[in-house]
Amino acid sequence: MLPPLPIPPHRPVLIAGPTASGKSALAAEIVGRDGGVVVNADALQVYDCWRILSARPSAAEEAALPHRLYGHVPRHGTYSAGHWLKEVEAVLREGLRPVIVGGTGLYFSALTNGLADIPHTPPEMRHEADAFLARAGLSAMAADLDPATAHRIDLRNPARVQRAWEVLRATGRGLADWQAATGTPLLPLAETVALVLRPDRDWLAERIDRRFDRMIEAGALEEARVALADWNPALPSSRAIGAPELVAHLKGERTLDEAIAAAKLASRQYAKRQRTWFRNRMRDWREIRLP
């Protein structure tokens, strides 16, 4: 699956693509051929609880090649693009050529464009936001945002909306205003080989469905069962595609077949949002059409 044009062996490589598009395999292929380290840029693969449901590399794959930033955050932990960027900076100091791969567009944007130094919001603000979202809903929370921020972020994404709401309430400044004061990028795009996978929609949908079937066979339901005892849907880790659906089955709220169908649908919808982000934000990246 290597791209047809040569990739300089010492130049950092960025690989973005929607879920199930094969980007992790491509990253491993490049590192296996030319050396370096595979660095995770997926917001769910950082958590230690979802090796199967987040499609993290297997233990054998992680042992075969250097991997960083996979499965190192506890399920109840908080993690942001700012945390990720600082950890990437530490990886770069190791001196190995990074091959940074994932589907979280915000991480790549922070890496190549810089990230604003937004103050952390206090825990009590998170509790207030959780209560407001539960009481009033996502639309009401989005309506509370300043116009510039509302225009910039995905208003269908509860995590993004809540983060923007918390920042506005805690600092008195909208998230867009903070982001306007962006710092120097850690890896400017011009200094990398930046690849974005553009799979055919139907081809990808079939891969998503087959992959989730394999996840079930590999023990995804048991991963969800471990999380069931203290399941908290407000946790960032709980947004792993398939986790809410399988937990609903374990609670007796839907059959396993219904949960699997819902998880596959959620995965396809997520892939659509990813493709839209990449199309709008990664126009200067080199496209790899699939299949």
Side-chain angles (χ1 to χ4, degrees), residues 10-16 23-24 27 31 36-51 54 56-57 62 65-123 125-126 129 149 152-154 157 159-160 162-164 166-168 170-171 173-194 235-240 277 281-282 285:
H10 301 296
R11 197 173 184 86
V13 179
L14 313 180
I15 305 173
K23 54 190 178 293
S24 294
V31 171
V37 56
V38 180
V39 183
N40 172 43
D42 184 286
L44 272 305
Q45 289 185 348
V46 301
Y47 290 102
D48 61 4
C49 52
W50 303 128
R51 182 182 291 278
S54 71
R56 267 172 53 199
E62 289 188 23
L65 296 169
H67 284 73
R68 300 290 186 273
L69 309 189
Y70 288 92
H72 65 298
V73 180
R75 182 164 65 90
H76 293 88
T78 57
Y79 197 79
S80 68
H83 292 113
W84 179 82
L85 204 60
K86 289 178 181 177
E87 293 183 340
V88 171
E89 187 174 13
V91 172
L92 295 181
R93 288 198 295 268
E94 296 180 21
L96 294 174
R97 189 273 296 271
V99 178
I100 303 175
V101 57
T104 301
L106 181 62
Y107 285 7
F108 285 115
S109 177
L111 180 71
T112 61
N113 298 322
L115 186 68
D117 187 17
I118 303 170
H120 291 292
T121 54
M125 184 58 64
R126 169 60 57 87
T149 298
R152 175 173 294 190
I153 68 171
D154 179 3
N157 187 320
R160 300 281 180 260
Q162 180 166 338
R163 169 63 173 156
E166 291 174 10
V167 168
L168 180 60
T171 70
R173 291 174 60 188
L175 188 62
D177 188 33
W178 281 103
Q179 290 172 339
T182 300
T184 303
L186 185 60
L187 271 181
L189 194 64
E191 297 177 8
T192 71
V193 175
L235 289 173
S237 65
S238 298
R239 299 186 180 105
W277 172 286
R281 307 289 186 94
M282 294 181 169
W285 292 45

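The two residues Gly82 and Leu115 come nearest to each other via the heavy atoms CA-CD2, 3.5 Å. Between Arg68 and Leu96, the shortest heavy-atom distance links the atoms NH2-CD1, 4.5 Å. Closest heavy-atom contact between Thr171 and Pro119: CG2-CG, 4.3 Å. Ala16 and Phe108 get closest at one heavy-atom pair: CB-CE1, 3.8 Å. Nearest heavy atom pair, residue Asp42 against residue Gln45, reads OD1-N, 3.0 Å. Scanning all heavy atoms of the two residues, the minimum distance from Gly71 to Asp48 falls at O-CB, 3.4 Å.
For Arg56, the salt bridge (charged side-chain N to carboxylate O under 4.0 Å, His left out) test picks out Glu62, with sequence neighbours left out. For Ala27, the side-chain contact (heavy atoms from CB on, under 4.5 Å) test picks out Ile15, Val38, Val99, Val101, with sequence neighbours left out. Take His83 and apply the side-chain contact (heavy atoms from CB on, under 4.5 Å) test, not counting sequence neighbours, and it matches Tyr79, Ser80, His120.
In this structure the side chain of Val46 never reaches within 4.5 angstrom of the side chain of Glu87, judged on heavy atoms. A heavy-atom distance below 4.5 Å is not found between the side chains of Val88 and Leu187. Side-chain atoms of Leu189 and Leu14, non-hydrogen and from C-beta on, do get closer than 4.5 Å to each other. Ile118 is listed as a side-chain neighbour of Leu175, based on a closest heavy-atom distance under 4.5 Å. Ile100 has its side chain within reach of Leu111: a pair of non-hydrogen atoms, C-beta onward, lies under 4.5 Å apart. At least one side-chain heavy atom of Arg97 sits under 4.5 Å from a side-chain heavy atom of Val13. Here the side chains of Pro57 and Tyr70 are in contact, with some heavy-atom distance below 4.5 Å. Asn113 is not listed as a side-chain neighbour of Pro185, based on a closest heavy-atom distance of 4.5 Å or more.
Atoms OG and OH, from Ser238 and Tyr47 in turn, are 9.0 Å apart once rounded to the nearest 0.5 Å. Of the inter-residue distances, the one linking Leu168 atom CG with Arg163 atom CZ reads 12.0 Å to the nearest 0.5 angstrom. One finds the CG atom of Leu235 at 10.0 Å from the OG1 atom of Thr78 (value rounded to the nearest 0.5 Å).
Side chain of Ser109 to main chain of Gly105: no donor-acceptor pair is present (N/O by atom type, distance under 3.5 Å, no hydrogens or angles). With hydrogens and angles disregarded, a donor-acceptor distance shorter than 3.5 Å links the side chain of Trp84 to the backbone of Asn40. Formation of a donor-acceptor pair under 3.5 Å by the His67 side chain with backbone atoms of Leu65 is found in this model. Proximity of a side-chain donor or acceptor of Ser237 to a complementary backbone N or O of Arg75 within less than 3.5 Å is detected. Looking only at distances, a side-chain donor or acceptor of Thr149 sits under 3.5 Å from a matching main-chain atom of Ala176.
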